[in-house]
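Single-structure report; data block below.
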Amino acid sequence: MELEQIQALWDEMSAKVDNQNILTDKLIIDMTQERYRNKISKISKYESIGAIVCFIAAIGILVNLSQLDTWYLLATGLFSAGYLILIPVMVLRSIIRLKSVNILKNNLKQTITDFTKRRKHFLFMQRLGIYLNFLLMFVSLPVIVKLMDGKDLFESDTDVWYWYIPIMAVFLILFSRWGYGHYSRMSESAGNLLKELDG
Amino acid sequence: MSKEEAFINAIKKNEGIIYKITSVYSNSKDEQKDLYQEIVYQLWKSFDSFKGKSKFSTWMYRVALNTSIAHINKGKKRINPVSMDFQLLTIPDENDTLTAERLSILYAHIKLLNAVEKGLILLFLEGKSYEEIATITGFSKTNVGTRLGRIKNKLRFQINK
């Protein structure tokens, strides 16, 4: 098929499409309303639920801070609470930034550039979270044991380290491998989109 | 005329544009409906900002193409399933087998192009001048020309392979 034939074919199709009347007045108005109603549900459900769980855990630690009666338990408690507040806030912020690209004013080139940059930032935050979870796994354990069981893990004779660390490590490694692969693919596709601009 | 009436008239007059853009940027009828609805919503949202400096269709191409790019960026999962029922015309028209076959080949090959190339070739096939394409996409006029030359060759090569 030569270019002239492609153009003729497109024009023929265009003539048909331009004369079709799919939309009624009601349908157009419904479309605008429908989207408006569903707007909130678009803000990532899973990340929001995860953030709420983290905030509840952080509040739980902060409310019981007085039970953490040594400097190292207090330090691990504050770190865990800080982590549980900060990371979800940063992830949610990156999602909001991703969703606030001005597609109404930008041209195609700006849209692609903005989206790709913000998407890469979002993916970086997600990846950072995966790595920091390993740190949280160690740091939060003494806090959890102290608050749940009243024991100081550093002083009491306990075997919790022996089973908790391996189980959590296996779980986290599997989860991280899945997450890393997933985000790497997304990151690559975001990078490809940006490359298209240079092409 | 109220804002609502003006919007409805403008959309009805140009609904073919939305149809063609969604056809190129989606891979299934459901996805196409979802994108179609999203474009109408975005156009409504920004209708106030349309100052009439450019042609309505030029503004519409820009918003629709940007929305399509944003749609790709959402990833493969359907974030907002369409609950509204409307039928999109089946292109190619089955009454003309030869045209149908050729159109389906053309669509398949346009879909193989990347997001930027799809937008450029669509605007070109729609008869837009290099200047209009440059305004819509943000590329310079010369760059539009160079890119289109490459895309045309690529498309020709793909189809005739």
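Letters A, B, ... are given to chains in the order of the sequence lines, protein chains preceding strands, and every chain is numbered from 1.
Within a 6.0 Å sphere centred on CZ of A:Phe134, heavy atoms belonging to other residues, nucleotides or ligands number more than 12. Atom CZ of A:Phe171 sits in a sparse spot, with 12 or fewer heavy atoms from other residues, nucleotides or ligands closer than 6.0 Å. Around the NZ atom of B:Lys154, the shell of radius 6.0 Å holds more than 12 heavy atoms that belong to other residues, nucleotides or ligands. Atom NZ of B:Lys13 is surrounded by 12 or fewer heavy atoms from other residues, nucleotides or ligands within 6.0 Å. Enclosure of atom NZ in B:Lys111 by more than 12 non-hydrogen atoms of other residues, nucleotides or ligands within 6.0 angstrom is indicated. Heavy-atom contacts from other residues, nucleotides or ligands closer than 6.0 Å to NZ of B:Lys55 number 12 or fewer.
When the side chains of ILVMFWY residues are joined at heavy-atom separations under 4.5 Å, either directly or via intervening members, A:Leu132 and A:Ile95 end up in a single hydrophobic cluster. Both A:Leu86 and A:Val91 are members of a single hydrophobic cluster when ILVMFWY side chains are connected at heavy-atom separations under 4.5 Å. One hydrophobic cluster holds both A:Val89 and A:Phe122 under the rule that ILVMFWY side chains link at heavy-atom gaps under 4.5 Å. Under the 4.5 Å side-chain contact rule for hydrophobic residues, A:Val63 and A:Leu147 do not share a cluster. The hydrophobic cluster containing B:Leu112 does not contain B:Leu106, counting ILVMFWY residues as joined when their side-chain heavy atoms lie under 4.5 angstrom apart, directly or transitively.
Between B:Leu122 and A:Trp10 the shortest side-chain heavy-atom distance falls below 4.5 Å. A:Asn107 is not listed as a side-chain neighbour of B:Ile136, based on a closest heavy-atom distance of 4.5 Å or more. Contact annotation: the side chain of A:Leu9 approaches that of B:Leu103 to within less than 4.5 Å [non-hydrogen atoms, C-beta and beyond].
Of the inter-residue distances, the one linking A:Asn106 atom CG with B:Asn66 atom CG reads 6.5 Å to the nearest 0.5 angstrom. Here the CG-NZ distance, from A:Leu108 to B:Lys118, works out to 12.0 Å after rounding to the nearest 0.5 Å. With rounding to the nearest 0.5 Å, the separation of OH in B:Tyr19 from NZ in A:Lys16 is 11.0 Å. Considering CG of B:Asn9 and CD1 of A:Ile28, their distance stands at 8.5 Å, rounded to 0.5 Å. Residue B:Arg62 holds its CZ atom at 9.0 Å from CD of A:Gln110, rounded to the nearest 0.5 Å. Atom CD of B:Glu126 and atom CG of A:Asp11 lie 8.5 Å apart (nearest 0.5 Å).
With a 4.5 angstrom heavy-atom cutoff, B:Ile159 touches chain A only via side-chain atoms. Looking at B:Thr146, neither its backbone nor its side chain comes within 4.5 Å of chain A, counting heavy atoms on both sides. For A:Asp114, no part lies under 4.5 angstrom from a heavy atom of chain B. Contacts between B:Ile133 and chain A at a heavy-atom distance below 4.5 Å are absent for every atom of the residue. When heavy atoms are compared at a cutoff of 4.5 Å, B:Glu5 does not approach chain A at all. The contact between B:Phe7 and chain A is made entirely by side chain atoms (from C-beta outward), counting heavy-atom distances below 4.5 Å.
Closest approach of B:Lys20 and A:Ser14 over heavy atoms only: NZ-OG, 2.8 Å.
The most heavy-atom pairs under 4.5 Å with chain A, out of B:Asn114, B:Thr67, B:Ile105, B:Asn14, come from B:Asn114.
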